[in-house]
Amino acid sequence: MKNRVLSLALSRLLIALITLLIVSFAVFFATTLLPGDTASILLGQAATPEAVEGLRKAMHLDEPAIFRFLRWIVGLLQGDLGTSYANNMLVADLIGGRFINTLKLAGVTALFSVPIALTLGITAAMLRGSLYDRAVTVLTIGVISVPEFMIATSAVLVFAVYMKWLPALSFANEVTSFADLLRIYAMPVITLTFGVSAQMIRMTRAAVIETLSTPYVEMALLKGASRPRMVFRHALPNALGPIVNAVALSLSYLLGGVIIVETIFNYPGVAKLMVDAVATRDLPLIQSCAMIFCLGYLLLTTTADIIAIVSNPRLR
Amino acid sequence: MAKLVEIRDLKVEATTDSGRRVEIIKGVSIDIAEGEIVALIGESGSGKTTIALTLMGYARPGCRIAGGSVSLAGKDMVTLSEKQRAKIRGTEVAYVPQSAAAAFNPAATIMDQVIEVTRIHGLMSPDEARARAVDLFRALSLPEPETIGSRYPHQVSGGQLQRLSAAMALIGNPKLVIFDEPTTALDVTTQIEVLRAFKSVMKQGGIGGVYVSHDLAVVAQIADRIVVLKGGEVQEVGTTDDILTNAKHPYTRELLAAFEPKRRQAAQVAAAPAPLLQIEGLIAGYGQIQADGLPAIRAVENVSIKVEKGRNLGIIGESGCGKSTLARAIAGILPAAGGSIIFDGVKLEQNARRRSREQLREMQIVFQYADTALNPAKSVEEILARPLAFYHGMGGKARSGRIDQLLDMVRLPRNLRHRRPGELSGGQKQRVNFARALAADPKLILCDEITSALDTVVAAAVIELLKELQRELGLSYIFISHDLSVVEAICDEIVVMYGGKKVEEITPDKVKAPQHPYSQLLFSSVPKLDPTWLDGVEQDPELVRAYCRR
């Protein structure tokens with residue numbers, strides 16, 4: 001039976017790799033579809049046609065797209081992300097520091113949002129139909145419905161402009177003490193926690209409610225089990241699969257989807273880097289950022305799938 | 001004997017979807033003495049499980065104990081607090097569920113769940129509990145009692161799980177055990193062993209029991225007294241012998257009568273030149289088609305059957321024997337991988353899609369669950385109008401008149417035509433399901449377990465209807481069932497299937513003396529109303545080993 005788990009897990013990994021390949025293909029060709037010629041934009045309006053031609057040759061832009069794709073993908077596999085068109089720096093260097101910033105923000109947000117979301121989701125399911133449950137449900141729907149920039153700008157308005165408690169911008173590089181850390185991360189983390197938790201709360205609540213109505217939970221009740229025991233010993237282990245998946249989906253959003261939050265708070269993360277790269281038509285940078293987002297997404301969802309497979313006793 | 005249980009004037013209310021309160025138990029009073037086993041018997045919806053659960057102070061979500069008292073060993077379960085009730089559950093009163101397969105948590109080992117009661121109530125150390133569990137496994141004649149506990153629920157068979165759930169109930173040394181239809185989901189050959197195990201453990205321990213069932217024959221084997229319920233009220237109470245031999249209440253007599261099906265008078269065999277349906281070497285199954293052109297999992301292997309005009313063929317076998325697959329292959333829903341189907345002298349295509357409309361019309365299939373076979377969003381009228389338009393091109397007045405006729409045929413009032421399936425009872429739905437097949441004017445109807453989701457009395461009425469319609473319309477049926485008495489009542493020939501193969505063909509009057517060992521085992525395992533049947537019946541251990549997947 002162990003083999004079945006192993007082969008299922010391996011097949012998930014294989015699917016992830018194939019997805020990655022397809023995405024790289026899509027990313028590359030989507031970015032080459034961007035209007036405008038990179039060489040002439042880089043050289044500006046005063047450039048002579050010969051200069052543009054020369055630059056095109058130097059950047060291999062005259063080759064067919066498929067060769068450029070292969071050149072790029074082979075580079076990626078060797079760890080060479082390419083060189084930025086805009087300032088000739090290595091893309092790896094550009095992204096490196098930013099990526100750590102993004103991970104920091106995602107990590108701190110996950111640290112707060114996951115326990116909060118799970119606690120709220122599970123308790124709401126346990127007290128289903130109560131005032132508490134209804135309050136949680138209404139609040140989560142409310143939070144889902146409010147766009148992120150609204151929460152972010154409101155937070156800036158309240159905490160930075162009126163109360164002057166927190167800085168409006170987050171310069172992550174200036175952290176010297178724990179108090180600084182709190183001050184700088186507070187607002188982006190609050191904003192992201194709002195957006196990310198709502199989905200997790202709803203999914204957790206639904207999954208736990210579903211398992212709570214199964215005959216084996218009723219059986220536990222008839223064995224004299226207390227309510228917490230029914231939930232934590234009987235319902236939760238069987239609700240793990242869907243919960244882990246909801247958490248992974250929410251967290252993967254933190255890696256790539258935080259453009260709005262990073263922009264509003266001027267937080268130096270990868271998402272903001274990518275937006276800037278689009279403005280300067282810096283293709284290697286855009287492509288690398290897109291690939292990083294995709295990789296993070298796949299990593300999280302695949303991990304969730306594998307946890308769900310391993311936690312299913314029928315496959316053991 | 002001292003009284004263990006005193007239920008007095010118990011009332012339970014349920015809240016309907018529309019928010020209305022309905023009384024589903026209307027003032028029931030029952031006594032149980034120590035060490036006595038009392039059966040609650042009645043059709044679905046009679047409130048037998050609801051009453052049994054109130055003994056644990058529990059009402060299912062949406063229900064509420066509205067009045068009366070349920071005293072168990074001197075404590076009133078109705079007035080106790082939830083904490084006090086939890087203390088009693090598992091230690092003084094325990095529950096054996098209808099479907100053990102659903103009542104075991106799939107994510108924990110069997111042993112953990114069996115000894116959970118001792119852990120919750122702090123009854124004994126885990127090691128002692130494990131030792132006691134192994135003793136119980138042995139007493140319930142489970143295989144490999146030492147190691148079976150370390151498995152997960154999906155790794156043991158249904159019959160074993162049912163006995164394991166009894167061990168789970170008995171581990172806390174309860175004074176009263178509630179059995180909620182514990183053998184209904186089992187095959188008859190497995191049921192015997194489980195019933196025997198329950199009976200011996202209960203007698204040895206002098207434990208009181210409540211046995212909920214709809215099956216009088218099963219109850220007769222195990223209960224000291226029988227309470228007959230209908231519509232949330234007690235109809236009749238008496239010792240088992242009294243109820244079986246001297247029933248007073250008309251409903252009890254109906255239940256008993258449903259047990260003695262009237263045999264169909266053998267149809268006058270007209271000298272037909274060719275049989276209506278002749279099947280040779282049919283092979284059907286699921287999974288990938290292999291190199292030899294056969295599916296990977298063969299559910300039906302090389303089966304040949306013959307149905308004469310105006311006569312009925314019964315196909316009987318236990319779950320997984322391939323009887324439903326056979327019906328699907330004959331109907332062409334699941335194209336057969338091999339063999340030939342000759343219907344009314346013409347060879348049929350294996351795939352229903354390639355059969356002509358006329359061929360489809362002449363052979364209809366009726367499925368087991370009318371609930372899922374009828375579109376819940378359509379009215380009875382629309383359900384019946386569809387085949388009339390499709391096969392006969394009927395419309396307008398002619399179609400409306402025919403729908404009335406069809407409703408008359410299946411003995412349903414005409415004003416039912418505007419209702420949706422959700423507004424009909426189980427028996428009514430099955431009649432609509434059958435009327436839909438009749439609408440096509442078929443020559444042959446395949447009936448796949450059409451009575452097994454119905455209560456005994458209702459099922460008997462449906463069988464009577466089928467017989468009448470056959471007399472009037474000259475139909476033939478292929479009647480698929482796991483229930484020998486149903487098949488006996490309506491069929492002229494009976495085919496016994498096991499493991500995808502036809503093992504024997506027999507006529508109803510020879511059912512007493514089958515030739516094939518599996519048929520012998522199967523037929524002898526059907527419970528009889530005689531209370532001494534279980535103690536008297538002998539199963540050849542060789543046969544049991546060969547044919548039962550326990």
Side-chain angles (χ1 to χ4, degrees), chain A residues 1-5 7-8 122 124-130 133 204-245 304 306-316, chain B residues 49 52-62 82-110 112-123 150-155 161 164-165 168-169 171-172 174 177-178 180:
Chain A
M1 288 311 237
K2 266 251 134 35
N3 287 337
R4 243 172 94 198
V5 174
S7 72
L8 267 172
I122 293 168
M126 283 172 74
L127 303 169
R128 187 187 177 188
S130 67
D133 174 33
T204 308
R205 179 177 173 276
V208 173
I209 281 181
E210 203 191 313
T211 43
L212 273 180
S213 61
T214 53
Y216 52 82
V217 174
E218 183 180 67
M219 190 67 223
L221 172 91
L222 294 178
K223 283 199 253 181
S226 61
R227 197 133 180 88
R229 188 183 178 92
M230 280 157 58
V231 172
F232 291 105
R233 296 283 303 229
H234 292 282
L236 215 48
N238 291 293
L240 204 62
I243 292 178
V244 172
N245 256 308
I306 289 173
I307 288 178
I309 289 170
V310 172
S311 74
N312 185 348
R314 278 166 211 275
L315 299 175
R316 219 173 274 160
Chain B
T49 299
L53 286 174
T54 60
L55 286 166
M56 309 192 85
Y58 176 66
R60 291 231 160 101
E82 189 61 27
K83 256 217 175 91
Q84 287 168 312
R85 284 182 199 148
K87 263 200 195 113
I88 295 173
R89 289 173 188 156
T91 55
E92 289 185 40
V93 53
Y95 181 72
V96 178
Q98 170 163 15
S99 167
F104 271 96
N105 181 344
T109 61
I110 288 166
D112 273 347
Q113 299 185 63
V114 168
I115 65 168
E116 192 181 6
V117 166
T118 66
R119 198 168 285 167
I120 292 169
H121 301 285
L123 297 177
S150 60
R151 297 197 217 164
Y152 282 89
H154 67 277
Q155 292 167 331
L161 264 187
L164 287 165
S165 70
M168 185 157 79
I171 192 121
V177 178
I178 297 165
D180 187 1

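Values below: every heavy atom of this structure, side chains too, minus hydrogens, waters and symmetry copies.
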Hey, could you give me the [atom1]/[atom2] distance between [X] and [Y], rounded to the nearest 0.5 Å?
X        : Y        : atom1 : atom2 : result
A:Leu222 : B:Arg89  : CG    : CZ    : 6.0 Å
A:Lys223 : B:Ile120 : NZ    : CD1   : 6.5 Å
A:Arg233 : B:Asn105 : CZ    : CG    : 9.0 Å
A:Ser226 : B:Glu82  : OG    : CD    : 11.0 Å

(request) Answer whether the closest heavy-atom distance between the side chains of B:Pro106 and A:Tyr216 falls below 4.5 Å. (result)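 They are in side-chain contact.
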
(request) Assess whether atom CZ of B:Arg85 is packed by more than 12 heavy atoms of other residues, nucleotides or ligands within 6.0 Å. (result)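 More than 12 within 6.0 Å, yes.
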
(message) Counting heavy-atom pairs closer than 4.5 Å to chain A, which one of B:Ala102, B:Ala169, B:Gly90, B:Gly172 comes out on top?
(response)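 Looking at each of B:Ala102, B:Ala169, B:Gly90, B:Gly172 in turn, B:Ala102 comes out on top.
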
(request) Would you please say whether a donor-acceptor pair under 3.5 Å links the side chains of A:His234 and B:Gln113? (result)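 Absent: no donor and acceptor within the cut-off.
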
(request) Measure B:Ile178 against the heavy atoms of chain A and call it side chain, backbone, both or neither at under 4.5 Å. (result)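 Neither part.
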
(message) Counting only non-hydrogen atoms closer than 4.5 Å, does A:Leu221 touch chain B with its backbone (N, CA, C, O), its side chain (CB onward), both, or neither?
(response)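 For A:Leu221, heavy atoms of backbone and side chain both lie under 4.5 Å from chain B.
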
(request) Kindly determine whether A:Met219 and B:Phe104 satisfy side-chain contact (heavy atoms from CB on, under 4.5 Å), including the steps that lead there. (result) CA-CA 8 Å; A:Met219 190 67 223; B:Phe104 271 96; over 6 Å; no

